[in-house]
2 protein chains.
Amino acid sequence: MKHLETLDFIEAINRAGSIRGAADTLSLTSTALNRRLLALEEELGAPIFERLPRGVRLSPAGELLIQHIRSQRADLERVRSQIADLKGERRGHVSVACSQALLPYFMPREINAYRAEHPRVTFEVNLRDRYRAERALVAHQADIALVFEPVRLADVQVLATVPQQVHAVMARNHPLAAKPVLRLSDVAGYPIGLPSEEFGVRYLLDIAMRRSSIQLTPDIVSDSFEFLRCYPGPEMMVTLQIPIGLPPDDGRDPIVSRPIDRRDVPAGLLYLAQMRGRTLPVAAANFARQLTRSLERTAAGDGAEGPRAS
Amino acid sequence: MKHLETLDFIEAINRAGSIRGAADTLSLTSTALNRRLLALEEELGAPIFERLPRGVRLSPAGELLIQHIRSQRADLERVRSQIADLKGERRGHVSVACSQALLPYFMPREINAYRAEHPRVTFEVNLRDRYRAERALVAHQADIALVFEPVRLADVQVLATVPQQVHAVMARNHPLAAKPVLRLSDVAGYPIGLPSEEFGVRYLLDIAMRRSSIQLTPDIVSDSFEFLRCYPGPEMMVTLQIPIGLPPDDGRDPIVSRPIDRRDVPAGLLYLAQMRGRTLPVAAANFARQLTRSLERTAAGDGAEGPRAS
DNA sequence: GCGTAGTGGTGCAGATTTTGCAGCGGTCGT
DNA sequence: ACGACCGCTGCAAAATCTGCACCACTACGC
């Protein structure tokens with residue numbers, strides 16, 4: 001879009017940290033870029049960047065402006081998608097930021113289902129921890145976010161929540177697999193793998209451990225649930241995860257899960273959210289609606305309640 | 001602002017109803033305007049106007065676009081005002097849409113008070129009935145609206161409400177002026193002046209009359225409260241108004257007001273509102289905050305309760 | 001039935017704006 | 001002290017936009 005060109009340039013300068021640097025990435029001369037910046041600052045009546053000896057940095061006015069630019073671009077994108085929608089072209093793009101637990105099973109299944117109905121809708125799925133997911137919404141880098149136990153920012157609007165009881169994950173031949181529900185003290189007797197502290201599951205566990213006297217001392221800490229799940233079973237290791245991040249038990253999978261008694265660890269909440277006050281593009285809004293329905297089914301089914309079908 | 005020029009042109013074409021007509025008002029050739037429109041439609045991938053033999057008319061896509069343009073311009077204005085604000089310049093502009101009752105006393109007093117603190121803030125006050133006030137908010141033609149008994153649109157966000165009991169207004173020597181509180185049946189015995197049907201006071205009265213058996217047959221109907229208030233008193237006429245639209249009784253004013261018993265006519269609500277989801281410019285936000293405080297004082301004082309000090 | 005006045009759209013030449021090159025003065029790191 | 005990088009500024013070339021004359025078309029008046 002032509003009339004947003006200059007504003008895009010501002011973002012490029014901000015990313016590059018210098019006018020000359022941004023000019024290179026934009027296939028432009030520093031002259032032209034500098035001229036445009038000066039003209040815009042003139043129109044605005046305030047400098048957008050502070051001039052440093054080694055480049056430029058956003059001024060307070062620039063911070064405001066760049067926020068405006070992002071919101072404006074996102075809104076234009078929504079308008080374009082609405083226009084495409086009323087032309088009958090069911091295309092569009094959805095950008096999702098989500099927690100790690102959603103990546104292996106839930107999101108692929110949901111996106112598959114959606115694209116079966118709307119094949120011309122494209123998707124972008126980015127792993128963002130609970131802090132960065134919310135910041136991505138505000139910066140218009142994601143349309144919707146699906147995060148476990150988020151830090152609730154004021155600028156974020158919750159579309160749906162579903163409780164998720166923490167589950168213990170282990171090999172099928174693990175001694176604990178015999179019990180349908182585990183106490184935290186059961187788990188404490190075996191080698192344990194835990195996600196690192198920025199994750200919601202760990203956050204819930206840390207709270208639970210502070211309240212009770214039981215201490216879980218992790219033998220393995222990782223920021224990858226996939227790694228923790230795949231870590232060889234011979235050690236009889238136990239790891240912890242929420243059910244939405246686990247495969248449905250088909251009775252043959254070498255990995256099984258058992259819920260932790262909720263007297264020990266309370267259920268955490270999985271949040272579906274968007275930026276507050278924003279009108280989503282049609283495709284994103286429709287996909288969010290589908291997710292809401294799916295999450296409600298999850299909540300009614302096996303999500304919050306005890307043992308998974310096994 | 002340079003990059004919004006083309007979008008302004010779209011609005012001009014929409015207003016004029018034809019490209020050539022808009023070109024005249026913009027001091028441009030129809031050629032240039034036409035070219036820009038075609039280029040924009042190309043970029044957008046859809047026609048913005050339907051071509052009629054006698055001019056042009058907004059297409060559905062154009063409706064969407066023009067709404068986007070307005071919101072974009074309003075948002076840019078907010079950014080500019082925020083930038084001016086952090087430069088220490090306490091200037092800005094506030095656009096208010098309000099009911100007739102607010103015009104003679106309340107709004108002048110409030111704006112005076114505000115400008116005493118912030119002399120460089122300019123104001124625009126427009127009379128809008130309760131339908132048009134809300135549409136003005138959505139069309140970004142007003143920052144805030146102050147209306148009595150509005151039809152509540154979904155896109156409008158309520159900032160404050162204050163109940164207003166309907167008062168009867170009459171000459172000081174009117175027989176009814178002797179009673180501190182009037183029943184509707186008292187009023188029915190005298191010549192009556194009523195506001196026309198689009199006004200909130202009339203709306204409340206019509207409801208009250210439907211519920212009871214008392215019928216007020218107006219001798220004068222007007223869309224001007226000022227006219228009704230000034231209509232010569234010799235006729236011993238009674239008219240109806242809400243207290244915020246009446247002068248404080250200083251004991252000498254030839255016009256006095258008495259509340260109607262709330263068993264007959266329930267109190268209506270005065271709403272302070274803005275467009276839902278919009279972030280107001282600093283000046284408008286501050287003024288809205290002042291109004292909220294003033295309205296709360298009004299509610300605590302003489303607004304909802306019985307007789308005014310007299 | 002035909003002219004007229006209005007509409008949006010187009011080719012081409014001139015006006016206007018934007019871009020790029022070369023060079024200035026400055027600060028930092030080596 | 002030197003080189004590398006930074007933001008910024010004349011001046012000429014390039015690109016873009018504007019305006020005139022003109023076309024095709026439709027509604028309206030007579």
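Just so we're on the same page: letters track the sequence lines, and every chain starts at 1.
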Checklist entry - Hey, does the side-chain of B:T29 have a donor or acceptor N/O within less than 3.5 Å of a partner on the base of D:dC20? => result no
Checklist entry - D:dA15 P sits how many Å from A:E5 CD, rounded? => result 15 Å
Item to check | Rounded interatomic separation in angstrom, taking CG from A:L37 and P from C:dT19 | outcome: 13 Å
Item to check | Euclidean distance, atom CD1 of residue B:I19 to atom C1' of C:dT10 [Å, nearest integer] | outcome: 13 Å
Checklist entry - Distance check: side-chain N/O of B:R51 vs OP1/OP2 of C:dG9, anything under 4.0 Å? => result yes
Checklist outcome for this item: Comparing A:R36 with A:R54, nearest DNA chain C nucleotide closer to 5' gives the residue A:R36
Checklist entry - Just checking B:T31: base, sugar-phosphate only, or nothing, at a heavy-atom cut-off of under 4.0 Å? => result base
Next on the checklist: Can you tell me if A:R120 has over 12 outside heavy atoms packed within less than 6.0 Å of its CZ?
Outcome noted: no
Item to check | Between C1' of D:dT26 and CZ of B:R57, the distance in whole Å | outcome: 16 Å
Next on the checklist: Let's see if you can work this out: which of C:dT27, D:dC8, C:dT10 has an atom nearest to the side-chain heavy atoms of A:P53?
Outcome noted: C:dT27
Checklist entry - Hey, does A:R20 reach any base, or is it just sugar-phosphate, or nothing, if we go heavy atoms under 4.0 Å? => result base
Item to check | Heavy-atom closest pair, residues A:R130 and A:F199 | outcome: NE-C, 4.1 Å
Checklist entry - If you measure from OG on A:S99 to CZ on A:F225, what distance do you get to the nearest 0.5 Å? => result 8.0 Å
Next on the checklist: With a sphere of 6.0 Å drawn around CZ of B:R152, does it hold more than 12 non-hydrogen atoms of other residues, nucleotides or ligands?
Outcome noted: no
Checklist entry - Just checking, is any N or O donor in the side chain of A:R278 or A:Q274 under 3.5 Å from an acceptor N or O on the other one? => result no
Checklist outcome for this item: From CG of A:N34 across to C1' of D:dG10 the rounded distance in Å is 14 Å
Next on the checklist: Need one value for B:L28: base, sugar-phosphate or nothing, where a base atom within 4.0 Å counts as base even if backbone is also close, heavy atoms only.
Outcome noted: sugar-phosphate
Next on the checklist: Between P on C:dG9 and CD1 on B:I48, what's the gap in Å once rounded to a whole number?
Outcome noted: 12 Å
Next on the checklist: Under 4.0 Å, heavy atoms only, any strand: does A:L38 hit a base, just the sugar-phosphate, or nothing?
Outcome noted: sugar-phosphate
Checklist entry - Whole Å only: how far is the CZ atom of A:R35 from the C1' atom of C:dT17? => result 12 Å
Checklist entry - Choosing from D:dA21, C:dT19, C:dC12, which nucleotide comes nearest the side chain of A:A32? => result C:dT19
Checklist entry - Roughly how many Å is it from CG in B:L52 to P in C:dG8, rounded to a whole number? => result 9 Å
